[in-house]
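Single-structure report; data block below.
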Amino acid sequence: MASFHKLKEVLMLAFDWILYSAGAADTCQVTVTQPRFQEADYSTHTVLLTCAFSAAGCSSSSPIVLWFRFLANEHEDLCTPGCTDHQKYKVHLLSENNISLQINDLTVDDNAVYICGIAFSNSGSPRSKQTGDGTVLTKTAEKQNSNGKLIFMIIASSLLFLYSTTVFTFFVVYKVGSKSHTFKYPLKKKISSGRKIFQAIAQELQKQRYAEHCRQPDDLEDDTVYQNR
């Protein structure tokens, strides 16, 4: 930004040098306004940059219109007032206080800050020669680049979806496996407890049969004694 302000000071000195033999209308004051930003679509080949100005206390003669552009750390003269490339640049008078710069064969290399300057050559007032703050012109990239970004986003989204699906499936299988594994242990416990109960019953029956078997000789002895009597 500091280099941009230095450029404006250089332009003002250039105006003073170009219009050194100016007249005596010292009350002339010029104000120049420009849009701060202007964006052109990738398919645009021609663009118009507008510039509006007001003049107070100046002569009725037409002012000199100058156009520059600021690239990195240097400026380039476009129309001062004649254009360096008549096929590339053209200056139009839209109305009494509105002018425009037409840029043909627009490319991304034309992205820059474009500065409009107005000067009344018959005035010696420092305010009779002024520049605007500049318009930042930006041409968007080609559609192929945007399509490439869109394709990349679609592929990335698809891969993310597949990854999420795989993780979810693995999680479900793991949970189902763990549940089935936990179901087996209560079943085994029930089976083992049933076997123990069955064994206890069988042992009890065996004891009862053994007890009955032991009682049978005593009963036979009692019957024999009764008969002898």
Side-chain angles (χ1 to χ4, degrees), residues 1-140:
M1 184 61 68
S3 58
F4 179 75
H5 290 298
K6 290 181 179 179
L7 172 64
K8 290 188 65 177
E9 294 177 358
V10 171
L11 293 178
M12 293 303 300
L13 292 175
F15 289 164
D16 292 337
W17 176 258
I18 293 173
L19 306 175
Y20 181 72
S21 59
D26 295 336
T27 58
C28 179
Q29 293 187 1
V30 176
T31 303
V32 181
T33 57
Q34 292 181 252
R36 295 303 304 272
F37 302 98
Q38 184 163 340
E39 184 176 353
D41 188 66
Y42 70 94
S43 60
T44 302
H45 300 290
T46 301
V47 67
L48 289 177
L49 302 180
T50 60
C51 174
F53 69 94
S54 62
C58 302
S59 64
S60 59
S61 61
S62 299
I64 296 176
V65 180
L66 307 172
W67 281 95
F68 308 86
R69 71 176 180 181
F70 186 67
L71 296 169
N73 295 322
E74 60 180 0
H75 80 277
E76 180 181 354
D77 297 340
L78 301 180
C79 302
T80 59
C83 297
T84 57
D85 189 344
H86 295 283
Q87 294 182 351
K88 179 74 173 179
Y89 308 106
K90 291 183 179 180
V91 177
H92 299 282
L93 181 63
L94 302 179
S95 63
E96 184 177 359
N97 294 330
N98 290 275
I99 55 179
S100 67
L101 174 67
Q102 177 179 332
I103 305 175
N104 300 320
D105 301 327
L106 188 67
T107 65
V108 292
D109 294 332
D110 293 319
N111 292 346
V113 180
Y114 289 80
I115 304 169
C116 171
I118 301 295
F120 284 85
S121 60
N122 58 354
S123 173
S125 172
R127 301 287 298 174
S128 64
K129 300 173 284 293
Q130 295 294 322
T131 62
D133 292 331
T135 299
V136 179
L137 175 62
T138 303
K139 181 176 182 178
T140 57

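What you are looking at is a predicted structure, and each value in this text was computed from that prediction instead of being measured.
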Check whether any side-chain heavy atom of V108 lies under 4.5 Å from a side-chain heavy atom of Y42, and answer yes or no.
no

Test item: I118 and V65 side chains (from C-beta on) under 4.5 Å apart, heavy atoms:
yes

Walk me through whether L101 and C116 qualify under side chain to side chain contact (heavy atoms under 4.5 Å, CB included).
CA-CA 9 Å; L101 174 67; C116 171; over 6 Å; no

[atom1]/[X] to [atom2]/[Y] distance, rounded to the nearest 0.5 angstrom?
| X | Y | atom1 | atom2 | answer |
| --- | --- | --- | --- | --- |
| K88 | D110 | NZ | CG | 3.5 Å |
| R69 | I115 | CZ | CD1 | 12.0 Å |
| Q87 | N104 | CD | CG | 9.0 Å |
| T31 | R127 | OG1 | CZ | 6.0 Å |
| T135 | D133 | OG1 | CG | 9.0 Å |
| Q34 | F53 | CD | CZ | 12.5 Å |

Would you check, one step at a time, whether the test side chain to side chain contact (heavy atoms under 4.5 Å, CB included) holds for V30 with C58?
CA-CA 8 Å; V30 176; C58 302; 4.1 Å; yes

On a heavy-atom basis, which atom in [X] and which in [Y] lie closest, and how many Å separate them?
| X | Y | value |
| --- | --- | --- |
| S100 | W67 | C-CZ2, 4.1 Å |
| V113 | G134 | CG1-CA, 4.0 Å |
| Q38 | V47 | NE2-CG2, 3.2 Å |
| F120 | S61 | CE2-O, 3.4 Å |
| S121 | I64 | CB-CD1, 4.0 Å |
| L71 | E76 | CD1-OE1, 3.5 Å |

Contacts under 3.5 angstrom, residues 91-98 side chains, donor-acceptor by atom type, not counting sequence neighbours:
unit_1 : atom_1 : unit_2 : atom_2 : d
H92    : NE2    : Q102   : OE1    : 2.7
S95    : OG     : N98    : ND2    : 2.8

side-chain contact (heavy atoms from CB on, under 4.5 Å) test vs I103 passes for just one of T46, L49, L78, namely L49

